[in-house]
Amino acid sequence: MSHLKLKLKNFNPYWLEYLFLASVAFLSVTGFWNIYVGVNATPNFLHHLHVITNVIWLLLLLCQLSLIGSKKYELHKKIGLSVLFFAPLLFATTALLSVQSAHKGLISGRGDFLIVQNVMVTLELGLTIVLAFAFRKRRKLHGAFLLSTAMLFMGIALFFTLISFVPAFKIAGPETFYRFKMAAITGQAICVCVGLVFLIKDFRNGWPYLLAAGYFVLNELIRALLTAYSLIDPMTEWIGSMTPSFAFIGSFLALLGLLTATGIHKSRRLVTRQTS
């Protein structure tokens with residue numbers, strides 16, 4: 001009996017988080033596979049930059065999770081300061097992709113059916129990161145907010161994975177466009193289920209995962225509202241007409257300013273004093 005208790009005690013308490021990150025990494029590859037190696041693949045510099053930034057962010061989350069699991073808290077804090085650069089960079093590249101997508105919709109005349117999800121997910125990504133550092137003194141909640149940013153990656157990657165590789169969701173012509181909605185609903189449902197699993201695991205600190213999953217449902221409601229008031233086209237025109245450099249630099253500086261406002265710079269000074 002004591003041997004069994006020892007095994008349970010030594011069992012990694014973050015196995016679910018590791019599994020979650022591995023799943024997000026896998027779905028990111030399958031979701032964006034066609035962009036890079038598909039028949040009509042035409043990846044540009046922005047795609048490369050965004051993918052590289054996403055990979056760095058996921059590796060940073062994995063590294064920080066491992067350090068917490070190993071109880072290397074001081075090293076965790078030092079490496080965590082890199083978020084002051086990588087979080088605004090991730091936010092800026094995501095914003096820039098939204099601008100590019102809307103611009104393509106304007107040029108083609110077909111609009112951008114993902115305009116609401118693209119814009120809102122960008123804003124929600126920034127909000128989640130800011131909340132993570134606003135609650136940095138509550139270690140578990142802080143970590144849940146940071147890891148839940150990967151839920152946003154998961155939802156988007158799931159959508160593209162479904163329409164790319166699952167026959168029931170593949171688009172075979174105008175008569176099958178309804179499958180876009182089916183894929184979106186299915187992906188959202190899976191994300192909500194994952195969020196519920198984390199909530200059940202830790203009711204007090206697991207709710208950020210469910211919150212992040214719920215963003216996709218909220219965004220669909222916002223899209224329906226904007227559609228009802230004929231505001232999708234004006235929104236697409238506004239976002240698509242933005243100057244790319246302004247969108248990138250502006251979003252980078254905006255998130256950097258918000259992160260600084262949470263007091264993370266004070267933590268940086270404290271770590272510096274402790275190591276000097």
Side-chain angles (χ1 to χ4, degrees), residues 17 20-38 41-67 76 78-104 114-115 117-133 142-143 145-161 191 208 212 215-216 239 242-260 262 264:
E17 285 79 358
F20 172 62
L21 289 178
S23 300
V24 172
F26 174 77
L27 288 169
S28 296
V29 172
T30 57
F32 297 99
W33 183 265
N34 285 337
I35 293 178
Y36 280 92
V37 298
T42 56
N44 56 35
F45 172 75
L46 181 54
H47 289 132
H48 298 319
L49 178 61
H50 186 62
V51 167
I52 291 172
T53 308
N54 282 4
V55 170
I56 292 174
W57 185 256
L58 288 176
L59 288 176
L60 181 60
L61 293 179
L62 178 61
C63 176
Q64 293 294 72
L65 181 62
S66 299
L67 290 174
H76 169 83
K78 293 177 184 177
I79 294 178
L81 292 174
S82 63
V83 75
L84 283 173
F85 174 76
F86 287 114
L89 180 62
L90 176 66
F91 182 68
T93 56
T94 305
L96 197 52
L97 276 177
S98 298
V99 171
Q100 183 190 61
S101 180
H103 182 71
K104 284 185 176 180
L114 288 175
I115 182 66
Q117 285 289 358
N118 286 341
V119 172
M120 291 306 300
V121 165
T122 300
L123 296 176
E124 289 153 359
L125 173 65
L127 173 63
T128 303
I129 294 172
V130 170
L131 287 174
F133 283 90
H142 163 77
F145 268 116
L146 279 180
L147 284 172
S148 69
T149 58
M151 184 71 78
L152 299 175
F153 298 0
M154 184 179 186
I156 297 170
L158 256 175
F159 171 76
F160 286 108
T161 296
C191 288
Y215 284 150
F216 294 108
I239 299 298
M242 285 186 178
T243 305
S245 58
F246 171 79
F248 182 85
I249 297 173
S251 55
F252 184 97
L253 293 177
L255 187 59
L256 177 61
L258 288 172
L259 286 176
T260 302
T262 66
I264 188 175

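A search for side-chain hydrogen bond (donor to acceptor under 3.5 Å, both in side chains) contacts involving Ser66 returns Tyr18, not counting sequence neighbours. By the ring pair (Phe, Tyr, Trp, His ring centres under 6.0 Å) test, Phe145 is found to be paired with Phe135, Trp207, residues two or more places apart in sequence or in another chain being considered. Partners of His142 under the side-chain hydrogen bond (donor to acceptor under 3.5 Å, both in side chains) rule, at least two apart in sequence or in another chain, do not exist in this structure. Taking the side-chain hydrogen bond (donor to acceptor under 3.5 Å, both in side chains) definition, one finds that Ser98 meets it with Thr122, sequence neighbours left out. Take Glu17 and apply the salt bridge (charged side-chain N to carboxylate O under 4.0 Å, His left out) test, not counting sequence neighbours, and it matches Lys201.
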Contacts under 3.5 angstrom, residues 52-61 side chains, donor-acceptor by atom type, not counting sequence neighbours:
unit_1, atom_1, unit_2, atom_2, d
Thr53, OG1, Leu49, O, 2.7
Asn54, ND2, His50, NE2, 3.4
Trp57, NE1, Thr149, OG1, 3.0

Report all side-chain donor-acceptor pairs from residues 244-252 shorter than 3.5 Å, counting only partners two or more places apart or in another chain.
unit_1, atom_1, unit_2, atom_2, d
Ser251, OG, Ala247, O, 2.6
Ser251, OG, Phe248, O, 3.0

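Under the side-chain hydrogen bond (donor to acceptor under 3.5 Å, both in side chains) criterion, the residue pairs touching residues 25-37 are Thr30-Thr161, Asn34-Ser164, Tyr36-His48, with sequence neighbours excluded.
Atom CG of Leu125 is separated from atom CE of Met120 by 12.0 Å, given to the nearest 0.5 angstrom. Note that CG of Leu258 is 11.0 Å distant from CG of Leu253, once rounded to the nearest 0.5 Å. Met154 contributes atom CE, which lies 10.5 Å from atom CG of Leu21 (distance to the nearest 0.5 angstrom). For the atom pair CG (Leu123) and OG1 (Thr128), the distance works out to 10.5 Å, reported to the nearest 0.5 Å.
For the side-chain contact (heavy atoms from CB on, under 4.5 Å) with Gln117, the lone residue among Tyr215, Phe216, Phe159 that qualifies is Phe216.
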